[in-house]
Amino acid sequence: MPKIVVPLTATKVKNAKSRDKDYLLSDGNGLYLKVPSKGNPIWIFNYTIPYTKKRTNISFGPHSIVSLASAREK
């Protein structure tokens with residue numbers, strides 16, 4: 001049974017602070033905000049390549065440039 005994830009809000013994204021280790025904030029459907037220990041948080045999308053059936057990640061850019069709505073749209 002899949003885990004039910006509460007979608008991110010703009011406030012949660014804005015208040016994401018770096019910690020001593022990298023961590024991920026999940027928005028659901030494979031979209032994550034990766035918050036590194038140093039640097040800017042970036043949007044990561046985890047998906048399956050159809051012809052190889054392998055999981056891989058693609059980055060949409062830092063959250064200072066790409067908003068939550070545009071990351072969901074992409």
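In this chain, residues are counted from 1 in sequence order. Since this is a predicted model, take the numbers as computed values, not measurements.
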Point to revise | hydrophobic_cluster_shared for Y32 and L25, side chain cutoff 4.5 Å | key: no
Study note, to complete from the structure: Taken to the nearest 0.5 Å, the spacing of R55 CZ from I49 CD1 works out to 10.5 Å
Review point. Shared ILVMFWY cluster between F45 and L8, side chains joined below 4.5 angstrom?
Key: yes
Exercise for review: Check G28 against V5 and note the closest heavy-atom contact, atom names and distance.
Suggested key: N-CG1, 4.1 Å
Study note, to complete from the structure: Shortest non-hydrogen pair, S59 vs I42, comes out as OG-CD1, 4.2 Å
Check your understanding: What do you reckon, is CG of D22 surrounded by more than 12 foreign heavy atoms closer than 6.0 Å?
Key -> yes
Review point. W43, L24: one ILVMFWY side-chain cluster at the under-4.5 Å cut-off?
Key: no
Point to revise | Nearest heavy-atom neighbours spanning P41 and P36 | key: CA-CD, 3.8 Å
Study note, to complete from the structure: To the nearest 0.5 Å, atom OG of S26 lies from atom CD1 of I44 at 12.5 Å
Review point. For the residue pair A10 and L68, what are the closest heavy atoms and their distance?
Key: N-CD2, 3.9 Å
Exercise for review: Give the minimum heavy-atom separation between K17 and Y23, together with the two atoms involved.
Suggested key: O-OH, 2.6 Å
Study note, to complete from the structure: Interatomic distance, CZ@R72 vs CG@D27, rounded to 0.5 Å, equals 4.0 Å
Check your understanding: To the nearest 0.5 Å, how far apart are CG in L31 and OH in Y47?
Key -> 14.0 Å
Review point. Do any N or O atoms from the side chain of T48 and from the backbone of P50 form a donor-acceptor pair under 3.5 angstrom?
Key: no
Review point. Hey, quick one: are V66 and L33 part of the same hydrophobic cluster, counting side-chain heavy atoms closer than 4.5 Å, chains of contacts allowed?
Key: yes
